[in-house]
Amino acid sequence: MAEDMVVAIDPGREKCGLAVVHKEQGIICKTIIATPGLAAATVNLAATYKLTTVIIGSSTTSATARGELDTIRINGHTLTVIPVNEYRSTDEARKRYWRDNPPQGLKRFIPTTLQVPPVPVDDYAAVILAERYFSNQL
């Protein structure tokens, strides 16, 4: 049986997006961390929310992250790490960022498709991955 809440990771070489997402309630929390702190941050989130399912983007950088996550045990349980296709997830994350943070002032007249968000959107990408996971469940 699949869990209703997961830790989602958008892995990257320098930074990773992390999110805890509930199937029906949506985003519980989201953040961006430096990649070397991925294992510790994942353990913290999984332990805090009593989760064992981790969703991770399937890009080339995910192999290293998955190797680290496969060795983690929380309260005697290993994490279930499930890869999700992250094709164009960053594009979707940018759209979601602009929906949540519409441009202000004169920038509101410039289409968001021509603008770059002023902050990284890896946390939004992690949310997108979790939503993809939940939408593929039966």
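Along the sequence shown, the residues carry numbers beginning at 1.
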Rounded distance (nearest 0.5 Å) linking atom [atom1] of [X] with atom [atom2] of [Y]:
X: I55; Y: E131; atom1: CD1; atom2: CD; value: 12.0 Å
X: S89; Y: R96; atom1: OG; atom2: CZ; value: 11.5 Å
X: Q137; Y: D4; atom1: CD; atom2: CG; value: 8.0 Å
X: K95; Y: I128; atom1: NZ; atom2: CD1; value: 10.0 Å
X: T53; Y: Y133; atom1: OG1; atom2: OH; value: 5.0 Å

Output side-chain donor-acceptor pairs under 3.5 Å for residues 67-85, partner residues at least two apart or in another chain, one line each.
from: T71; atom 1: OG1; to: E68; atom 2: O; distance (Å): 2.8
from: R73; atom 1: NH2; to: G76; atom 2: O; distance (Å): 2.6
from: N85; atom 1: OD1; to: Y87; atom 2: N; distance (Å): 2.8

Please name all residues satisfying side-chain contact (heavy atoms from CB on, under 4.5 Å) with [X], sequence neighbours left out, ordered by chain then number.
X: P36; answer: A34
X: K107; answer: P103, Q115
X: A63; answer: none
X: Y49; answer: M5, V20, I28, C29, L45, L51

Worksheet item: Quick check: does any side chain N or O of Q25 sit under 3.5 Å from a backbone N or O of K23, one acting as donor and the other as acceptor?
Response: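 No, Q25 side chain to K23 backbone: no donor-acceptor pair under 3.5 Å.
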Taking the side chain as C-beta and beyond, is there a heavy-atom pair between [X] and [Y] under 4.5 Å?
X: L18; Y: L38; result: yes
X: Y97; Y: P120; result: no
X: P11; Y: R66; result: no

Worksheet item: For L114, what are the other residues in its hydrophobic cluster, where any two members join if their side-chain heavy atoms are less than 4.5 angstrom apart?
Response: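 I110, which link up through side-chain heavy atoms under 4.5 Å apart, make up the rest of the cluster.
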State, to 0.1 Å, how close [X] and [Y] come at their nearest heavy-atom pair, and which atoms those are.
X: V127; Y: A19; result: CG2-CB, 3.7 Å
X: F134; Y: V6; result: CZ-CG2, 3.9 Å
X: Y124; Y: D100; result: CE2-OD2, 3.2 Å
X: G57; Y: S62; result: O-CB, 2.8 Å

Discussion item. Applying a strict under-4.5 Å side-chain criterion to I, L, V, M, F, W and Y, I'd like to know whether I27 and V121 cluster together.
Written reply: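 Different clusters.
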Discussion item. Assigning hydrophobic clusters by single linkage (Ile, Leu, Val, Met, Phe, Trp, Tyr; side-chain heavy-atom cutoff under 4.5 Å), is I56 placed with V7?
Written reply: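 Both belong to a single hydrophobic cluster.
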Which salt bridge (charged side-chain N to carboxylate O under 4.0 Å, His left out) pairs, counting each pair once, include a residue from [range], with sequence neighbours left out?
range: residues 6-20; value: K15-D122
range: residues 35-55; value: none
range: residues 26-49; value: K30-D123

Worksheet item: What residues form a side chain to side chain donor-acceptor pair (under 3.5 Å) with T31, not counting sequence neighbours?
Response: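 For T31 there are no side chain to side chain donor-acceptor pair (under 3.5 Å) partners, ignoring immediate neighbours.
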Worksheet item: Partners of T61 by side chain to side chain donor-acceptor pair (under 3.5 Å), sequence neighbours excluded?
Response: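 Partners of T61 under the side chain to side chain donor-acceptor pair (under 3.5 Å) test: S59.
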Practice prompt. Under the salt bridge (Lys or Arg N to Asp or Glu O under 4.0 Å) rule, collect the residues that match up with E92, sequence neighbours excluded.
Written response: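 So E92 forms a salt bridge (Lys or Arg N to Asp or Glu O under 4.0 Å) with R132.
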